[in-house]
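Reviewing the structure listed below.
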Amino acid sequence: MTVRVRFAPSPTGQLHLGNARTALVNWLFARHAGGRFMLRMDDTDTARSTAEFASGIESDLRWLGLDWDEFARQSGRMEKYADAVARLKAAGRLYPCYETPQELDLKRKLLQARHQPPVYDRAALKLADADRTRLEGEGRKPHWRFLLDRRRVEWADLVRGPAEVDTSSLSDPVLVREDGVPLYTLASVVDDIEFGVTHVVRGEDHVTNTGPQIELFQALGGAVPAFAHLALLIGKDGSGLSKRLGSLSLANLRDQGVEAMAVASLLARLGTSQPVEPKQSLADLAADFSFSHFGRAPARYDDDELTSLSARVLHGMDFATARPRLPDGMSEALWLAVRGNIAKLTDAAEWLPVANGPLVPVVSEPDYLSEAAAALPPGPFDAGTWPAWTATLKAKTGRKGKALFQPLRLALTAREHGPEMQVLLPLIGPERARARLSGATA
Ligand code: GLU
């Protein structure tokens, strides 16, 4: 069996860490299993969906490194949903209802006052033809509900284990609105059947939907896929992330300089039994992907963990990967020297003048620096130059520790901290080093 999964965002907002995690887990599972990954825009809600959000989601997924083998837009598939609606009507599983939102609200309140669950009473099922004609004569248009079996629907959830929803505790879901627009519950199942989706992997906020949807798969004669419901992401203090989702959009994180592989490394492992560690490629993450690593407990997200992971991703990033985003003139040797000292890739550019000039040196102790310049060996420099040179200076001046090293670092790099001088000195080279030690810009 070829694994076929889909990520099905509603393009009514930006991609954030929560839904990016769903996308990533689907993708990793597909790649691990040699299967197919579909991107499906759930855009039947034309009032809230926009083309900008849809294209933003596509570019955010690409930034994360996720590619898709198939693409569909629900708004372009209306005739498929109409077919399914006709079949459900013919099978007696879809019935017209005429209550207004206010009437439904009143029914719910009455039930709640009697401490009963707010389940739709199926009053519309009891209408006679004459009632319907009268209601339609008054200008009412029907919405259509799916007649649930009212039974225990069970499935073996790949994350939650044995799971069940008792559909007698639910209202018959509305599948078609008054204006004829099919709703997600139906459109999703029709698409999952047509595209042969084998595994529905989504957030646990959809667990309850799974009961009616399994009934729908069966009513439409489709194969019921496997389900995996991922536990929610929460803040490190246990609070929900919903209020922060704006700042946790992928676009925002990218603008802050967070590495895509840091986001992926974190999202792939949060809420699993595997450690969060910086990975350099999605293939690495896909290699040992398994639903068995995922737990039922909410996954805790921490900004600081993402920030430090991003730095650690940079520390291990090879030159070929970094190069397209580095400024011209940044050599492999310089990248390897500075990558361990930066928090964002764009910070690497600050080190370009250290190697290539021009740099205004910071001269703290001119006499010591001229002594150092005199002791500087002729080029070319290599990794042995710095230890040999500073050993000589130590013997000559009696300086040690910070007093020995810091004036040299300040003159040669104009910075108090940075990569090891042993690595930087050969990149600076004899000419620039000599000039800087004498206080000249070079
Ligand atoms: N459009 C739905 C959502 O964004 C998809 C849910 C599903 O994967 O079935 O929540």
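We count residues from 1, following the sequence as given. These numbers were taken from a predicted model, which means no experiment stands behind them. The basis for the numbers below is simple: all heavy atoms, side chains too, and nothing from hydrogens, waters or symmetry mates. Atoms within a ligand are numbered from 1 in the order they appear, just like the ligands themselves.
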Has Arg145 got its NZ or CZ under 6.0 Å from the middle of the six-membered ring of Tyr120, at an angle within 45 degrees of the ring axis?
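Yes.
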The criterion is ring-ring contact (aromatic ring centres under 6.0 Å, His included); which residues satisfy it with His143, sequence neighbours excluded?
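Listed in chain order: nothing, the list is empty.
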Only pairs under 3.5 Å count here: list side-chain donor-acceptor contacts from residues 217-238, not counting sequence neighbours, and write none if there are none.
unit_1: Gln218; atom_1: OE1; unit_2: Arg151; atom_2: NH2; d: 2.6
unit_1: His229; atom_1: ND1; unit_2: Asp157; atom_2: OD2; d: 2.6
unit_1: His229; atom_1: NE2; unit_2: Arg202; atom_2: NE; d: 3.4
unit_1: His229; atom_1: NE2; unit_2: Thr210; atom_2: OG1; d: 2.9
unit_1: Asp237; atom_1: OD1; unit_2: Ser239; atom_2: N; d: 3.1
unit_1: Asp237; atom_1: OD1; unit_2: Ser239; atom_2: OG; d: 2.7

Heavy atoms under 4.0 Å from ligand 1: which residues qualify?
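Residue list for ligand 1: Arg6, Ala8, Ser10, Asp42, Tyr184, Ser188, Arg202, His206.
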Only one of Val190, Ile193, Leu175, Asp192 forms a side-chain contact (heavy atoms from CB on, under 4.5 Å) with Leu216, so which one is it?
Leu175
Parallel, tilted or perpendicular: ring planes of Phe29 versus His199, cut at 30 and 60 degrees:
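It falls in the perpendicular class, over 60°.
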Asn341: side chain to side chain contact (heavy atoms under 4.5 Å, CB included) partners, not counting sequence neighbours:
Pro419
